[in-house]
Amino acid sequence: MKRTKESTMNVGRENYLTKEQAIERMEEINKKHYDNIENRKNALNILIGAIPVGDKIFAIIPLEKLHIDTSYQRSVQSHVKTIAREWNPKKCDALKINYREDGNFYVWDGQHRKAAAELREIKYLMCDISVGLTVEEEAQLFGAQGKGIKKPNPYDIFKANVCANKTVDVQIYNMCKKYGLNVSKNARIAGNLSCLTLTRTIFERNEGDLFEWILELLDETKWNELPGGHCHKVINSLYEIRKKYDINYALIQRKLVGFLEKTNPKELFMKSTLKYAEFADESKKIKLYLSDFLDGIETINSYKKIGKSIV
């Protein structure tokens, strides 16, 4: 019978068993079968020695006893090698497994961790045991992984990395603190640096001094008091400007401060879009608009040097 959406969501809960109930169900399953006797005995002994914690039943199980059903599982992906290389026992959650009618345990969540552990020649892993799920129920649980779980976003990870003293994140934090900025994805609030991924890329290129040039410029223009003053398109366009005029960056900074003091992020976005509407990249529009201003200054200066006037 086809399950409704609501019943599918409740698959895990409706199959919840206490340890005693799980043992009873495993014994009932085994009574109906006369094959795979040794595996069935071993599975029962594992379950008897398991530890119940809340709604879960945990046991350390040999990896050789764990099977993978390829009818609904993905093929093992290449990132298994990365998991194995960066293996950290503290980050390895318990594999979720189910004891089936055939007398074997099947992994429905954690086959990549299992494969990575095997690459590292690890023999045992902690497992969270269910008993008596059908293949359909396993597949439904597999397909629903992650639903209702809020994964940490880059800004959550940034805060954690600062606490963990990760070099790049601490550098970003300290520099933002120096200029009175918060690292936050909300660009609508003044004083928020809302382009963490771009900022991290700049620091990973060892261009922290270049990034500080940008923050110093925006601090002098008081754009830290304006919403959107430190969003991706502003930081990225100034980053590109700094790279373009690298030789004269001190002069360029002074010219830009004078220019940006007389406008604001919203007005700059509007004018650059009107002038360069053919481009989709907003950072590129701003870069071109600011380049026009800077190139115009250079043209005027060159005319002054040769004694010519501008009509």
Any side-chain donor near an acceptor of the partner, Asp69 and Ser71, under 3.5 Å
yes

Decide, yes or no, whether a salt bridge links Glu207 with Lys243 under the criterion of side-chain N to carboxylate O below 4.0 Å.
yes

Going by heavy atoms in the side chains, are Thr221 and Thr263 under 4.5 Å from each other?
no

Mind checking whether Ser291 and Ile241 have side chains closer than 4.5 Å, heavy atoms only?
yes

Atom CG in Leu193, atom CG in Leu215: separation rounded to 0.5 Å?
7.0 Å

Share the residues that join Leu119 in a hydrophobic cluster, the rule being Ile, Leu, Val, Met, Phe, Trp or Tyr side chains under 4.5 Å apart at the heavy-atom level.
Val76, Val80

With heavy-atom distances below 4.5 Å as the criterion, would you say the side chains of Glu24 and Glu28 are in contact?
yes

Those residues that, when tested against Lys56, pass salt bridge (charged side-chain N to carboxylate O under 4.0 Å, His left out) (two or more places apart)
Asp128

Please work out which of the three classes, parallel, tilted or perpendicular, describes the rings of Tyr249 and Trp213, given edges at 30° and 60°.
perpendicular

Hey, are Glu101 and Lys32 close enough for a salt bridge, meaning a charged N less than 4.0 Å from a carboxylate O?
yes

Among Lys285, Lys271, Lys275, Lys287, which one satisfies salt bridge (Lys or Arg N to Asp or Glu O under 4.0 Å) with Asp292?
Lys275

Under 3.5 Å, is there a donor-acceptor pair between the Asp102 and Asn36 side chains?
no

Please determine if Lys244 and Glu240 form a salt bridge, counting it only when a charged side-chain N lies under 4.0 Å from a carboxylate O.
no

For the residue pair Tyr72 / Glu136, report whether a side-chain donor-acceptor contact shorter than 3.5 Å exists.
no

Does the side chain of Asn186 pick up a donor-acceptor pair with the side chain of Tyr155 at under 3.5 Å?
no

Heavy-atom check, side chain of Leu256 versus side chain of Leu238, under 4.5 Å:
yes

Check whether any side-chain heavy atom of Ile46 lies under 4.5 Å from a side-chain heavy atom of Phe105, and answer yes or no.
yes

Within a strict 4.5 Å, meaning less than it, do heavy atoms of the Asp169 and Ile157 side chains meet?
no

In sequence, state the C-alpha distance, the side-chain angles, and the governing distance for Leu218 and Tyr179, and then conclude on side-chain contact (heavy atoms from CB on, under 4.5 Å).
CA-CA 9 Å; Leu218 293 171; Tyr179 290 92; over 6 Å; no

When the ring centroid of Tyr276 is compared with that of Tyr289, is the distance short of 6.0 Å?
no

